[in-house]
Asks: 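Can you read through this structure? Questions will come right after.
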2 protein chains.
Amino acid sequence: MLSKKTKYALHALTYLGKHRDEKTVLIQDIAEDHGISHKFLENILLELKKAGILGSKKGKGGGYYLIKEPKDIPLSKVIRLLDGPIALLPCVSLNYYEPCAECKDEATCGINKVMIQVRDETLKILENKTLEDILKT
Amino acid sequence: MLSKKTKYALHALTYLGKHRDEKTVLIQDIAEDHGISHKFLENILLELKKAGILGSKKGKGGGYYLIKEPKDIPLSKVIRLLDGPIALLPCVSLNYYEPCAECKDEATCGINKVMIQVRDETLKILENKTLEDILKT
DNA sequence: ATAAACCCTATCATTTTTATAGACTTTATA
DNA sequence: TATAAAGTCTATAAAAATGATAGGGTTTAT
């Protein structure tokens, strides 16, 4: 399951996607619209900004806005950013690799082999579904 | 990522699959082979038993054994049992459905729609990969 | 009778996630 | 140029989930 962080991020991105005609959107507006804590959402939007997905404008009249096309924001990117690895095991993660303590030899581990396949097929899904898919339904 | 519980379960199932010639296998042997806590593993094997995946024999000379064919033990079953939902959001879970608090209307929520698609495609993968795939590599 | 081995429930420790707090900086505008 | 609005940043606290341990109970081969 996705963490609330990622879930909130998706709601925020959706909201921003639906308000692309406006220059900026307030954290407060998104938070209120979904009943999310303003301060919690603040941290999330900041992370999305640092990742190059959102832009922001400070000061009075400021706010957040999408800096990328919805079609260029795949679910995989959002999930990795806020939840970490997409792989089911650390020993098959592309971005967060770590060996598994209970595995004696990765090279001959059947679990490892199968999980690599699962990872690749899962990535195909999550890289192809984008914010655009969420917006167009 | 999978919890350690699920990861250990997969290792235990793999071990049991490799020792199908023996009548029973001791918890202790599996635990030692992978450096897992005996007691923790005990709980896991018990759950696998209650789920109808393993059988056991009590008393001296007892132990655990696979009660199903490896090809009939899909990853989806093991993951659901020990980790819970495969869906990324509670509002699209087939087995553990719950509404999402921050979603005003599921029927018109684009996130919901896309996550249903992700769930279905993910299930296709996890229902088709079985213990057999792990054993044969 | 005894020892081996699984069965069951409760509890504790650790880690991760979720949420909050508050001071700081930037900027529009009256 | 003072003020209020709005994002930035770091720290910490609260809650939940996960991982691990403990110990007594029951079954069974010998």
Side-chain angles (χ1 to χ4, degrees), chain A residues 1-9 11-12 16 22-32 34-51 53-67 79 81-85 88-90 96 98 100-102, chain B residues 1-9 11-12 16 22-32 34-51 53-67 79 81-85 88-90 96 98 100-102:
Chain A
M1 299 270 278
L2 297 178
S3 68
K4 288 197 175 178
K5 240 176 160 173
T6 302
K7 189 161 57 159
Y8 293 167
H11 278 290
L16 287 163
E22 298 161 39
K23 272 206 199 75
T24 62
V25 170
L26 298 184
I27 297 176
Q28 190 54 33
D29 291 348
I30 304 174
E32 271 174 14
H34 292 284
I36 303 173
S37 145
H38 175 138
K39 279 303 215 174
F40 193 40
L41 187 58
E42 195 175 285
N43 292 322
I44 295 167
L45 295 183
L46 211 46
E47 286 195 68
L48 290 168
K49 186 197 168 183
K50 285 178 183 164
I53 295 172
L54 299 183
S56 69
K57 190 166 179 307
K58 285 185 188 174
K60 195 171 180 178
Y64 281 97
Y65 49 90
L66 275 184
I67 212 175
I79 294 175
L81 185 64
L82 296 154
D83 263 7
L88 293 182
L89 293 179
Y96 302 83
E98 266 181 72
C100 284
E102 64 286 345
Chain B
M1 299 269 276
L2 298 179
S3 67
K4 288 196 176 180
K5 241 175 161 173
T6 301
K7 189 160 59 158
Y8 293 168
H11 278 291
L16 286 163
E22 298 161 39
K23 271 205 200 76
T24 63
V25 170
L26 298 183
I27 297 174
Q28 190 53 32
D29 290 349
I30 304 173
E32 273 176 10
H34 292 283
I36 305 172
S37 146
H38 174 137
K39 280 304 220 172
F40 193 38
L41 187 58
E42 196 175 284
N43 292 323
I44 296 166
L45 295 185
L46 212 47
E47 286 197 68
L48 291 168
K49 187 197 165 181
K50 286 176 183 164
I53 295 172
L54 299 184
S56 69
K57 190 168 179 303
K58 286 184 187 174
K60 195 170 180 183
Y64 280 98
Y65 50 90
L66 275 183
I67 212 175
I79 293 174
L81 185 65
L82 296 154
D83 262 8
L88 293 181
L89 294 178
Y96 302 81
E98 267 182 70
C100 285
E102 64 286 344

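Letters go in sequence order (proteins before strands), and every chain restarts at 1.
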Asks: Categorize B:L45 for me: base, sugar-phosphate, or nothing, with a 4.0 angstrom heavy-atom threshold over every strand shown.
Replies: nothing

Asks: Apply side-chain contact (heavy atoms from CB on, under 4.5 Å) to A:L2 and A:L82, showing your working.
Replies: CA-CA 9 Å; A:L2 297 178; A:L82 296 154; over 6 Å; no

Asks: In a check of side chain to side chain contact (heavy atoms under 4.5 Å, CB included) between B:L54 and each of B:V25, B:L45, B:I67, which one passes?
Replies: B:L45

Asks: With a non-hydrogen cut-off below 4.0 angstrom, is A:K4 in contact with a base, only sugar-phosphate, or nothing?
Replies: sugar-phosphate

Asks: If we ignore hydrogens and angles and just use 3.5 Å, is the side chain of B:H38 paired with the main-chain N or O of B:A31 as donor and acceptor?
Replies: no

Asks: Please determine whether any donor N or O and acceptor N or O are separated by less than 3.5 Å between the side chain of A:K60 and the base of D:dG7.
Replies: no

Asks: Check the distance between D:dT12's P and A:K39's NZ and give it to me in whole angstrom.
Replies: 16 Å

Asks: Heavy-atom nearest nucleotide on DNA chain C for B:K58 versus A:E42: which residue maps closer to 5'?
Replies: B:K58

Asks: Measure NZ/A:K5 against P/D:dA15 and give the value in whole Å, please.
Replies: 19 Å

Asks: Does B:T24 reach the main-chain N or O of B:G62 with its side chain, forming a donor-acceptor pair under 3.5 Å?
Replies: yes

Asks: Between D:dT8 and A:S56, is there an OP1 or OP2 to side-chain N/O distance shorter than 4.0 Å?
Replies: yes

Asks: Give the C-alpha distance, both sets of side-chain angles, the deciding distance and a yes or no for side-chain contact (heavy atoms from CB on, under 4.5 Å) between B:L88 and A:T6.
Replies: CA-CA 10 Å; B:L88 293 181; A:T6 302; over 6 Å; no

Asks: Do the side chains of A:K39 and A:E42 get close enough for a salt bridge, i.e. N-O under 4.0 angstrom?
Replies: yes

Asks: Taking heavy atoms of chain B and a 4.0 Å limit, find me the 5'-most and 3'-most nucleotide of DNA chain C within that range.
Replies: C:dA4 to C:dT9

Asks: Has B:S3 got a side-chain N or O lying under 4.0 Å from the OP1 or OP2 atom of D:dA17?
Replies: no

Asks: Assess the residue pair A:Y8 and B:E102 against the criterion (side-chain contact (heavy atoms from CB on, under 4.5 Å)); give the C-alpha distance rounded to whole Å, side-chain angles, the decisive distance to 0.1 Å, and a yes or no.
Replies: CA-CA 8 Å; A:Y8 293 167; B:E102 64 286 344; 3.9 Å; yes

Asks: Just how far, in rounded Å, is C1' of D:dT18 from CG of B:N43?
Replies: 13 Å

Asks: B:I36 has an atom CD1; how far is it from atom P of D:dT18, in whole Å?
Replies: 18 Å

Asks: Figure out the CZ/P separation between B:F40 and D:dT21, and round it to whole Å.
Replies: 9 Å

Asks: Between D:dG19 atom P and B:M1 atom CE, what is the distance in whole Å?
Replies: 11 Å

Asks: Between B:L2 (CG) and D:dG19 (C1'), how many Å, whole number?
Replies: 15 Å

Asks: Taking the nucleotide of DNA chain D with the closest heavy atom to each, which residue, B:D83 or B:K57, is nearer the 5' end?
Replies: B:D83

Asks: Starting from the C-alpha separation in whole Å, work towards a yes-or-no answer on side-chain contact (heavy atoms from CB on, under 4.5 Å) for A:K23 and A:K57.
Replies: CA-CA 9 Å; A:K23 272 206 199 75; A:K57 190 166 179 307; over 6 Å; no

Asks: Under 4.0 Å, counting only non-hydrogen atoms across every strand here, what does A:K7 touch: a base, just sugar-phosphate, or nothing?
Replies: nothing

Asks: Just how far, in rounded Å, is C1' of D:dA6 from OH of A:Y64?
Replies: 10 Å

Asks: Which is true for A:L26 with a 4.0 Å heavy-atom rule: it touches a base, it touches only sugar-phosphate, or it touches nothing?
Replies: sugar-phosphate

Asks: Is any side-chain N or O of A:Y65 closer than 4.0 Å to OP1 or OP2 of D:dG7?
Replies: no

